[in-house]
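Counting starts at 1 for both ligands and their atoms, following the listed order.
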Amino acid sequence: MAKLYINPGNPKSKINKEIYGNFSEHLGRCIYEGIFVGEDSPIPNTNGMRNDVVEALKEMKLPVLRWPGGCFADEYHWMDGIGPKENRKRMINTHWGGVVEDNSFGTHEFMELCRQLGCETYINGNLGSGTVREMSEWVEYMTFSGVSPMADLRKENGHEDAYTVDYFGVGNESWGCGGNMTPEHYANEYRRYQTYVRNYTNDHKIYKIACGPNASDYDWTDKVMKIAGNYMDGLSLHYYTLPTGNWGHKGSATDFDSAEYYKTIKNTFFMEELLTRHSAIMDQYDPAKRVGLIVDEWGTWYDVEPGTNPGFLYQQNTMRDAMVAAINLNLFNKHSDRVQMANIAQLVNVLQAVILTEGEKMILTPTYHVFKMYADHQDATLLDSSLATEKIGTEENQIPNLTESVSVAADGTITITMANLSLDASYPIEAVFAEGAATAATGTILTGAMKDHNTFDAPEVVKTADFTDITVADGKVSFTVPPCSVVKINVTM
Ligand code: AHR
């Protein structure tokens with residue numbers, strides 16, 4: 001029996017709800033088809049947004065959405081996406097699939113989507129190919145409520161009130177698709193551009209995010225923090241899990257063996273080292289942890305689904321993805337003293353999506369179910385917890401058998417989330433509390449074989465169920481986690 005020690009007397013950092021954020025790019029069928037179908041579509045919609053997708057995301061409690069990219073952000077000129085739709089520029093999305101981008105989804109549509117979802121807005125500005133003036137005017141257009149050329153233009157375009165921009169990214173992957181810059185050059189550009197990302201109201205300050213490192217580029221973090229740390233609220237981090245670790249042949253989303261499963265899980269755990277080492281560098285410049293580490297792109301990246309446009313990054317999603325999500329979310333919770341937001345890539349039909357669509361059909365992926373189960377951690381307080389784990393996997397790819405995190409909500413309910421990463425062993429667990437005694441517990445489980453996934457013909461192969469194998473006795477909570485499963489347990493003290 002493995003003991004999970006929980007210390008309710010030692011509350012740690014707040015787990016910002018934004019850790020459960022998502023990302024939507026003009027890429028493949030994410031925005032168009034996946035979310036936005038237009039008002040004239042036979043697919044039921046409200047102001048062009050699919051009702052089924054919006055409802056599912058509300059149930060998942062999506063807290064914040066990043067848009068319009070990704071690499072697309074540094075080629076996006078926001079003025080192309082406002083005003084009467086028939087006048088909007090048609091262009092080629094050179095980055096993603098070479099398809100026509102008709103700009104029918106622009107600023108107003110994104111804000112309408114977030115209004116329907118009841119989520120916060122994270123806009124990523126164009127530093128790579130846009131001007132300071134263009135970025136500055138976009139912010140003015142969206143957020144200024146007085147009389148000004150841009151505010152007047154927004155009003156002419158049908159929106160009298162200023163919008164709320166919660167987060168603003170100044171460039172994306174500026175070390176790569178966003179301009180191939182050196183850290184010194186980017187840091188100085190960041191200082192210049194962010195100067196004109198003005199706060200037009202004192203009631204709500206825009207949280208400014210600088211472009212952070214590509215995975216383990218610690219030098220980038222060091223230099224950007226040194227030169228520009230005082231001018232930012234957050235620094236981004238991008239890290240994708242590739243099963244093979246090789247961009248040429250990443251591996252299939254659905255066709256893999258147990259060795260590749262364990263390698264994928266091992267590669268996922270690299271996030272722990274990234275969070276620890278980037279945080280340590282940030283600590284040198286920002287010991288008070290004012291600047292957040294914003295993991296605004298993470299998740300699995302496989303070879304695209306056979307027969308689909310390689311530029312659309314469409315992939316299926318199995319129980320293996322559920323494990324990847326569970327590990328990352330537990331890590332973000334545990335590092336929530338520094339990780340202030342995270343955005344899985346991406347929302348619908350792209351990479352590790354929570355939703356897949358085909359015409360009028362929609363399926364929820366295993367990753368969706370993990371996000372929904374973990375929603376109880378949103379805005380809760382991380383608790384000190386520790387679990388004795390053992391090494392499992394293959395000789396080459398050793399991983400811990402279990403991953404967990406624990407939080408306490410404002411009403412005192414304790415939430416334990418745990419994944420058993422083994423493909424064949426069950427583990428009995430006893431949760432013991434350093435203070436107080438458990439009086440009742442309920443649970444939810446997501447379990448299956450590693451390759452199990454939902455399809456449009458069989459949409460409920462992977463779904464959550466009540467987890468009843470829980471005993472509460474002597475103030476302790478005991479349960480057994482089956483192989484390849486994620487559990488969530490709510491404990492009343
Ligand atoms: O999420 C897909 C792409 O991955 C994004 O556009 C880019 O920022 C990253 O390289």
Side-chain angles (χ1 to χ4, degrees), residues 21-32 34-35 64-77 92-99 101 105 110 122-130 167-181 186 190 209-217 220 224 234-243 245-248 250 253 267-268 271 274 293-305 308-315 317 321 324-325 328 341-356 365 367:
N22 217 304
F23 169 37
S24 57
E25 183 165 11
H26 286 238
L27 195 178
R29 298 184 300 115
C30 183
I31 296 286
Y32 300 112
I35 301 167
V64 59
L65 189 59
R66 177 177 182 235
W67 173 83
C71 295
F72 184 81
D74 281 295
E75 292 191 80
Y76 184 60
H77 301 285
I92 302 294
N93 187 334
T94 45
H95 228 100
W96 302 117
V99 291
E101 162 64 62
F105 189 95
F110 175 69
Y122 174 5
I123 301 270
N124 209 117
N126 177 350
L127 177 139
S129 70
Y167 299 88
F168 195 90
V170 182
N172 167 74
E173 297 196 349
S174 306
W175 36 262
C177 66
N180 288 306
M181 299 176 199
Y186 170 74
Y190 172 82
I209 299 172
C211 167
N214 177 17
S216 58
D217 186 350
W220 181 280
V224 174
L235 181 74
S236 68
L237 164 66
H238 290 183
Y239 173 63
Y240 285 98
T241 298
L242 274 58
N246 171 352
W247 283 98
K250 296 182 270 298
N267 292 346
T268 301
M271 181 66 89
L274 293 174
L293 187 56
I294 308 296
V295 192
D296 59 14
E297 287 187 34
W298 67 272
T300 53
W301 193 322
Y302 306 122
D303 295 331
V304 296
E305 207 56 22
T308 63
N309 185 329
F312 280 15
L313 309 186
Y314 178 75
Q315 64 189 39
N317 196 293
D321 293 86
V324 171
N328 277 307
M341 172 159 64
N343 311 72
I344 190 173
Q346 298 191 1
L347 194 64
V348 189
N349 293 332
V350 171
L351 299 176
Q352 193 177 346
V354 294
I355 289 176
L356 302 177
T365 66
T367 301

Side chain or backbone of [X] under 4.0 Å from ligand 1, or both, or neither, by non-hydrogen atoms?
X	result
Asn172	side chain
Trp298	neither
Phe72	neither
His95	neither

Exercise. Could you walk me through whether Thr367 and Asn317 pass the side-chain hydrogen bond (donor to acceptor under 3.5 Å, both in side chains) test, one step at a time?
Key: CA-CA 7 Å; Thr367 301; Asn317 196 293; 2.9 Å; yes

Exercise. Measure from the side-chain N and O atoms of Thr365 to the backbone N and O of Ala353, and report whether any donor-acceptor pair falls under 3.5 Å.
Key: yes

Self-check item: Any donor-acceptor pair under 3.5 Å from Gln315 side chain to Thr300 backbone
Solution: yes

Quiz item: Judging by distance only, is a nitrogen or oxygen of Tyr240 under 3.5 angstrom from one on ligand 1?
Solution: yes

Practice problem: Give yes or no for whether the N/O distance cutoff of 3.5 Å, strictly under, is met between Cys71 and ligand 1. | Solution: yes

Distance filter under 4.0 Å to [X] heavy atoms, resulting ligand 1 atoms:
X	result
Gln346	1 (O), 2 (C)
Trp96	3 (C), 6 (O)
Glu173	7 (C), 8 (O), 9 (C), 10 (O)
Gly70	5 (C), 6 (O), 8 (O)
Leu351	1 (O), 2 (C)
Phe23	1 (O)
Glu297	1 (O), 3 (C), 4 (O), 5 (C), 7 (C), 8 (O), 9 (C)

Practice problem: Supply the atom-to-atom distance Phe312 CZ to Arg29 CZ, rounded to the nearest 0.5 angstrom. | Solution: 8.0 Å

Practice problem: Identify the residue among Tyr122, Tyr76, Phe23, Phe72 that makes a side-chain contact (heavy atoms from CB on, under 4.5 Å) with Trp67. | Solution: Tyr76

Quiz prompt | Residues His77, Ser129; criterion side chain to side chain contact (heavy atoms under 4.5 Å, CB included); working and verdict | solution = CA-CA 9 Å; His77 301 285; Ser129 70; 3.8 Å; yes

Exercise. Apply side chain to side chain contact (heavy atoms under 4.5 Å, CB included) to the pair Thr241 and Trp301, showing each step before the final yes or no.
Key: CA-CA 6 Å; Thr241 298; Trp301 193 322; over 6 Å; no

Quiz item: Going by an N to O cut-off under 4.0 Å, is there a salt bridge joining Arg66 and Glu297?
Solution: yes

Quiz prompt | Between Gln346 and Glu25, a side-chain donor and acceptor under 3.5 Å | solution = yes

